[in-house]
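Notes to accompany the following structure.
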There are 2 protein chains.
Amino acid sequence: MEENQLLDIGAVTRASGLPPSTLRYYEERGLISSAGRRGQRRLYHPEVLQRLAMITTGRAAGFSLEEIGTMFREDYAKVPREVLEQKAEELDRQIQHLTSLRDGLRHAAECQSPSHQQCPTFQRLLRVMQKQQARRYQRSR
Amino acid sequence: MEENQLLDIGAVTRASGLPPSTLRYYEERGLISSAGRRGQRRLYHPEVLQRLAMITTGRAAGFSLEEIGTMFREDYAKVPREVLEQKAEELDRQIQHLTSLRDGLRHAAECQSPSHQQCPTFQRLLRVMQKQQARRYQRSR
DNA sequence: GCTTGACCTCAAGTTGACTTGAACCGCTAG
DNA sequence: CTAGCGGTTCAAGTCAACTTGAGGTCAAGC
C-alpha cells in the first residue's frame, strides 16, 4: 500500500510525455532519481512529475541541464539570495523579449499595412527588440 | 554616399555581438543576406541588425533556425492569420511558464520556510507548472 | 512451455547550431 | 616591399541533448 503509489517508467512517460530514453538520460545526469527498483525496473515517486515539469520549464527558459542540475543539487537554503534574484531578473528580461515577439506576431496577424516596412507599430516593435539585444550584448562584452 | 551606409562584417559583429562565423552561417542558412560585396568582402544594410535581433529573440523563444527562416521567407501577407495567431498563443503559454519559474525563483530567494517541501507558496507554484506541462503534453499526443 | 510486451544496459549514432583551422586575398602603414 | 590586419572559403570538429540498436531479463497470458 506504499508500493502502489509508485509509478513505473511507462506511467511516468504517459503522465509527463517524456520518452523513457529521456527519463533514463535525466537519471544518468542526476536530475531525477528513481525511488528504487522492482527487479530491474525503475519505480518512481509521483513527485518526480513536478521535478520533470521544472526541468522542462527550465529548458524552455534556456537553462542547460547542467545548470538545472546545479539548482536542484545545491541546497536552496544555501544558494545566496542574490544568485536567485539574478536568475529571476534574467528570466524577467527574457519574458520582455518574448512579449515583444508575441506582440509582433499578433500585430502581423492583424495589420492591414501593405508592407511591414511601412507599418509604424511593427517598426516600433523592431526597435524595442533591437534595443533589448544591444543591452544584452553590452553585458556579455 | 550610399556606400557609407553599409556595414562590413566587423561593424555588424560589434553592433550585434554575434561573431563573424555566426553571421556567415546565418547567411548560408538563408536567414540574412549581405547587400553585396566590396571585392570579396560582405557589406550589410543596417537593417540586418533588426533581423538579427529577431533571430536572437526567436532562438531564445525556442524556435529553430529552420522555423525562423520559414517565418521570414513566407511573405507575411501570405501566412494565414491563424498560423501567426497560433504562434502567438504558443508564446503566450511559454511566457506563462517562465513567469511561474521566475516567481518560483524569486520566492525561493525570500522564503523563510525551512524546507521548500513545506512551503505552501512553493507547492502552489509547482502545481501550476505541472498543470501547464500536462496541457502541453496533451497537445503533442 | 513458449511467446509477447514492457522493461533493462551499454555503446554508438544523430541533430542543430555553431566554431575552428588551414590556406588564401588585398589594402595600408612603416 | 613586406608585415599585418581584416576579411574570405571550405571542410572538419565540437558540444549538448537525446535517440537508436543490439542483446538480455522477467512476468503474464495462451
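Chain identifiers are assigned alphabetically (A, B, ...) following the order of the sequence lines, protein sequences preceding nucleic acid strands; residue numbering begins at 1 within each chain. Only a predicted model underlies this, so the values are computations on that prediction, with no experimental measurement involved.
Residue contacts for Gly10(B): at a heavy-atom cut-off of 4.0 Å it reaches the sugar-phosphate backbone alone, with no base atom in range. Counting any heavy atom pair closer than 4.0 Å across all strands shown, Thr22(A) reaches sugar-phosphate atoms only and no base atom. No engagement by Pro20(B) is indicated, since no non-hydrogen atom pair under 4.0 Å with the nucleic acid exists.
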Derivation and outcome, side chain to side chain contact (heavy atoms under 4.5 Å, CB included), residues Leu31(B) and Tyr25(B): CA-CA 9 Å; Leu31(B) 292 170; Tyr25(B) 177 66; over 6 Å; no

Set out, in order, the CA-CA distance, both residues' side-chain angles and the distance that settles salt bridge (charged side-chain N to carboxylate O under 4.0 Å, His left out) for Glu89(B) and Arg102(A), then state yes or no. CA-CA 8 Å; Glu89(B) 274 164 32; Arg102(A) 181 203 57 190; over 6 Å; no

Close N/O contacts between protein and nucleotides 9-16 of chain C (under 3.5 Å):
from   : atom 1 : to       : atom 2 : distance (Å)
dT9(C) : OP1    : Arg37(A) : NH1    : 3.4
dT9(C) : OP1    : Arg37(A) : NH2    : 3.1
dT9(C) : OP2    : Arg42(A) : NH1    : 3.0
dT9(C) : OP2    : Arg42(A) : NH2    : 2.7

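Atom CG in Leu6(A) sits about 15 Å away from atom P in dC7(C), given to the nearest Å. Distance Glu28(B) CD to dT19(C) P: 13 Å, rounded to the nearest Å. Remark: P of dG5(C) and CD1 of Ile9(A) are 19 Å apart, rounded to the nearest angstrom. Between the C1' atom of dA6(C) and the CZ atom of Arg14(A) lies a distance of 10 Å, rounded to the nearest Å.
Each salt bridge (charged side-chain N to carboxylate O under 4.0 Å, His left out) pair with one or both residues in residues 52-65 of chain A, not counting sequence neighbours, would appear here, but there are none.
The backbone N or O of Ala109(B) sits less than 3.5 Å from a side-chain atom of Arg81(A), completing a donor-acceptor pair.
Here the CD-CG distance, from Gln5(B) to Leu43(B), works out to 12.0 Å after rounding to the nearest 0.5 Å. To the nearest 0.5 angstrom, Ser21(B) atom OG is 7.0 Å from Arg24(B) atom CZ.
The one candidate from Arg42(A), Glu27(A), Arg41(A) that meets the side-chain hydrogen bond (donor to acceptor under 3.5 Å, both in side chains) condition with Ser34(A) is Glu27(A). In summary, of the residues considered (Lys87(B), Glu85(B), Glu90(B)), a side-chain contact (heavy atoms from CB on, under 4.5 Å) with Leu105(A) occurs for Lys87(B) alone.
When DNA chain D is scanned 5' to 3' for any atom under 4.0 Å from a heavy atom of chain B, the first and last hits are dG6(D) to dT9(D).
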